[in-house]
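Here is the structure we will look at.
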Amino acid sequence: QVQLVETGGGLVQAGGSLRLSCAASGRAFSRHTMGWFRQVPGKEREFVAVIISSGSITYYADSVKGRFTISRDNAKNTVYLQMNSLKVEDTAIYYCAASPTFGSSFYNNPRTYADWGQGTQVTVSS
């Protein structure tokens, strides 16, 4: 099991940038696939980005491709989400999640992630 704590959310104007961090506890972090998801009230949790345990492979939702970058530092047990060129529609609660496995057919399915953080609010104003 991995305990996760997200930080870095806040209020930013459209076009601005934020960097989210997700600190993990537990020695198993380096063996976990890490994902970022987001959710707005009344909607399902949406996949944003994923990075495999080694950090060598990443995938992004089409809506954030070219604007967001996921990375990880296994020595610091932390995964990051750099968000640039933010849009109003990026407003959501952002969650990081950990999975002990990775599959190209299900990495974007939140049900395959076992551990979740409490979320951090990102609000983009126009």
Side-chain angles (χ1 to χ4, degrees):
Q1 188 176 7
V2 180
Q3 288 77 45
L4 304 170
V5 178
E6 303 98 333
T7 57
L11 174 64
V12 64
Q13 286 192 326
S17 298
L18 281 175
R19 188 175 83 153
L20 305 183
S21 299
C22 174
S25 62
R27 289 177 288 180
F29 173 80
S30 63
R31 299 194 296 271
H32 278 68
T33 293
M34 297 300 297
W36 284 98
F37 291 77
R38 64 188 182 187
Q39 190 169 23
V40 297
K43 292 191 175 182
E44 292 186 352
R45 197 160 291 190
E46 175 189 29
F47 166 77
V48 175
V50 66
I51 187 166
I52 69 168
S53 56
S54 68
S56 60
I57 297 175
T58 59
Y59 290 102
Y60 298 90
D62 288 343
S63 59
V64 307
K65 203 172 293 184
R67 299 188 298 121
F68 290 11
T69 302
I70 189 171
S71 62
R72 66 190 296 161
D73 185 338
N74 285 343
K76 295 182 178 179
N77 277 15
T78 302
V79 62
Y80 305 97
L81 186 68
Q82 178 67 44
M83 305 185 295
N84 299 329
S85 302
L86 281 161
K87 304 176 181 180
V88 172
E89 51 265 41
D90 294 318
T91 296
I93 299 174
Y94 283 70
Y95 298 89
C96 69
S99 172
T101 63
F102 175 80
S104 59
S105 62
F106 58 77
Y107 63 82
N108 57 348
N109 186 343
R111 294 183 180 88
T112 64
Y113 290 77
D115 301 300
W116 292 82
Q118 82 291 347
T120 185
Q121 176 71 48
V122 171
T123 303
V124 184
S125 63
S126 59

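The figures here come from the full heavy-atom set of this structure, side chains too, leaving out hydrogens, waters and symmetry mates.
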Q. If Ile, Leu, Val, Met, Phe, Trp and Tyr residues are connected whenever their side-chain heavy atoms lie under 4.5 Å apart, and connections chain through other members, are Val2 and Tyr94 in the same group?
A. yes
Any donor-acceptor pair under 3.5 Å linking the side-chain atoms of Thr120 with those of Glu6? no
Between His32 and Pro100 the two heavy atoms that sit nearest each other are CD2-N, 3.7 Å
Exercise for review: Would you sort out whether Val64 and Met83 count as a side chain to side chain contact (heavy atoms under 4.5 Å, CB included), showing the intermediate values?
Suggested key: CA-CA 8 Å; Val64 307; Met83 305 185 295; over 6 Å; no
Hits for ring pair (Phe, Tyr, Trp, His ring centres under 6.0 Å) against Phe68, two or more places apart or cross-chain, chain-then-number order -> none
Determine, stepwise, if the pair Asp90 / Arg67 fulfils side chain to side chain contact (heavy atoms under 4.5 Å, CB included). CA-CA 11 Å; Asp90 294 318; Arg67 299 188 298 121; 2.7 Å; yes
Across all chains, not counting sequence neighbours, the ring pair (Phe, Tyr, Trp, His ring centres under 6.0 Å) partners of Tyr113 are Phe37
Interatomic distance, CD1@Ile51 vs CH2@Trp36, rounded to 0.5 Å, equals 12.0 Å
Closest non-hydrogen atoms of Ala92 and Gln121, given as atom of the first, atom of the second and distance, are O-NE2, 3.4 Å
The single option from Ile70, Val122, Val48, Thr7 that satisfies side-chain contact (heavy atoms from CB on, under 4.5 Å) with Leu20 is Val122
Q: Could you walk me through whether Lys76 and Ser21 pass the side chain to side chain contact (heavy atoms under 4.5 Å, CB included) test, one step at a time?
A: CA-CA 11 Å; Lys76 295 182 178 179; Ser21 299; over 6 Å; no
Note to self: Hydrophobic clustering (ILVMFWY, side-chain heavy atoms < 4.5 Å, transitive) - are Ile93 and Val79 grouped together?
What the structure shows: no
Sequence neighbours excluded, the answer for side-chain hydrogen bond (donor to acceptor under 3.5 Å, both in side chains) partners of Asn74 is Arg72
Arg31 meets the salt bridge (Lys or Arg N to Asp or Glu O under 4.0 Å) criterion, sequence neighbours left out, with none
Any chance CD of Gln118 has more than 12 other-residue heavy atoms, nucleotides or ligands included, within less than 6.0 Å?
yes
Residue set satisfying side-chain contact (heavy atoms from CB on, under 4.5 Å) with Val12, at least two apart, ordered chain then number -> Leu18, Leu86, Val124
Exercise. Taking the inter-plane angle between the rings of Tyr107 and Tyr59 on a 0 to 90° scale, is it parallel (under 30°), tilted (30 to 60°) or perpendicular (over 60°)?
Worked result: parallel
query: For Glu89, does the CD atom have more than 12 heavy-atom neighbours from other residues, nucleotides or ligands under 6.0 Å away?
result: yes
The side-chain hydrogen bond (donor to acceptor under 3.5 Å, both in side chains) partners of Lys65 (sequence neighbours excluded) come to Asp62
Thr33 and Phe102 have their tightest heavy-atom pair at OG1-CB, 3.3 Å
>> Assess the residue pair Tyr60 and Thr69 against the criterion (side chain to side chain contact (heavy atoms under 4.5 Å, CB included)); give the C-alpha distance rounded to whole Å, side-chain angles, the decisive distance to 0.1 Å, and a yes or no.
In response: CA-CA 8 Å; Tyr60 298 90; Thr69 302; 3.8 Å; yes
| said: So Arg111 and Phe106, do their side chains get closer than 4.5 Å, heavy atoms only? | reply: no
